[in-house]
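Below is one structure; the comments refer to it alone.
Order of appearance sets the numbers: ligands from 1, and atoms from 1 within every ligand.
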Amino acid sequence: MAYHNLLIETADSIATLTVNRPDKLNALNGETIEELHACVNALRGDAAVRVVVITGAGQKAFVAGADIEELSQLTAVMAETLATRGQELMWKIENLGKPVIAAVNGYALGGGCELALACNFRYASSNAQLGLPETGLGLIPGYGGTQRLPRLIGRGRACEMILTGTTLTAEQALAAGLVNRVLEPPQLLPAVLEVAGALASRSTGTLRLALKAINEGANMTLDAACRLESALFGVCGGSDDAREGCAAFLEKRKPKFGNS
Ligand code: COA
């Protein structure tokens, strides 16, 4: 399927999804949000795709936020609908069931930071800047940022970032735990593709169950989450991939996982 504001390229079981509105620093207008919904739905159903990488077109921005031109025209009802639609997208990305990695190659502001937060983990280029500057526009984050940021970096740091609208440099984001690695711009995508390749060689079923335990468990009490973990451990513990992975270790060879 061809998209107006997205590029999608698949190689070696890794789909690279690029938000492609470089003249607007890849800002997420309504059309782009709808295209992302369609694209993420397609990626979910595509068994040939085992890992997804999300990045932005050009050298300057991952995604510089929701489209402020559109935000300037909203009524209260439209604003709530927009936030709900964006949140549904972020949930879908976070719960894709296959690893989704953000390659944050520049500004990741507002909805762009929220898109990065919805990915399972983030690598950033040294020129990246991440933040939720919405309060400066008389708004609050609406695509899950008030919830995912505090859960990731702690409530105090998140309050400071959201209330002041301060953006973090890549190094500050690394120190805060907002990104996992910082790389020079030319090395960003190769490093992300390297880790994506390592994930693509693992059992898709195992990774899906690990993500389910992490994501669903995050919204439960520790006790309930550990019971979920043991139930999911039961599912994977009896699987062909567990037989294969353990046998390969004992036989000192590389495992050959199925694509279940
Ligand atoms: N929505 C709509 N358009 C945006 C945008 C956004 N979130 N972010 C950038 N753009 C547009 C600019 O309006 C400009 O368009 P134009 O050339 O037609 O005037 C173009 O992208 C380039 O941006 P510009 O501001 O000229 O680049 P810069 O290097 O001077 O500044 C930023 C970069 C990221 C600091 C600045 O663009 C910015 O602050 N953007 C908004 C960030 C934000 O508040 N996001 C949260 C929204 S909820």
Give a yes or no on whether the backbone of [Y] and the side-chain of [X] come within a donor-acceptor separation of less than 3.5 Å.
X	Y	answer
Q172	T169	yes
N5	R21	no
E114	G145	yes

Can you pull out the closest protein heavy atom to [atom]? Residue, atom name and distance to 0.1 Å, please.
atom	value
atom 37 (O) of ligand 1	L25 CD1, 3.6 Å
atom 13 (O) of ligand 1	K24 NZ, 4.7 Å
atom 38 (C) of ligand 1	L109 CD1, 4.8 Å
atom 42 (C) of ligand 1	A64 O, 3.3 Å
atom 20 (C) of ligand 1	D23 O, 3.3 Å
atom 41 (C) of ligand 1	I68 CD1, 3.7 Å

Only heavy atoms of [X], strictly under 4.0 Å: list the atoms of ligand 1 that pass.
X	answer
D67	1 (N), 2 (C)
K60	27 (O), 28 (P), 29 (O)
L71	48 (S)

Does an N or O from P133, backbone or side chain, lie closer than 3.5 Å to an N or O of ligand 1?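 No: no nitrogen or oxygen of P133 is under 3.5 Å from one in ligand 1.
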With only distance considered, is A66 within less than 3.5 Å of ligand 1 through an N or O on each side?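 In this structure, A66 places an N or O atom under 3.5 Å from an N or O of ligand 1.
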Shortest non-hydrogen contact between [X] and [Y], atoms and distance:
X	Y	value
I153	G177	CG2-C, 4.1 Å
I8	C39	CD1-SG, 3.9 Å
L168	A176	CD1-CB, 4.2 Å

Would N105 and Q59 count as having a side-chain donor-acceptor pair, cut-off 3.5 Å?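 No, Q59 and N105 have no side-chain donor paired with an acceptor closer than 3.5 Å.
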Any protein heavy atom lying closer than 4.0 Å to [atom]?
atom	result
atom 18 (O) of ligand 1	yes
atom 31 (O) of ligand 1	no
atom 25 (O) of ligand 1	no
atom 15 (O) of ligand 1	yes

Any L28 heavy atom less than 4.0 Å to ligand 1: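 No, L28 has no heavy atom closer than 4.0 Å to ligand 1.
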Are Y107 and L183 in one and the same hydrophobic cluster, where Ile, Leu, Val, Met, Phe, Trp and Tyr link if side-chain heavy atoms are under 4.5 Å apart?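 Hydrophobic grouping puts Y107 apart from L183.
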Counting only heavy atoms not in E80 (residues, nucleotides, ligands), do more than 12 fall under 6.0 Å from its CD?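 No, because the 6.0 Å sphere around CD of E80 holds 12 heavy atoms or fewer from other groups.
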Only pairs under 3.5 Å count here: list side-chain donor-acceptor contacts from residues 192-202, not counting sequence neighbours, and write none if there are none.
from : atom 1 : to   : atom 2 : distance (Å)
S201 : OG     : A198 : O      : 2.8

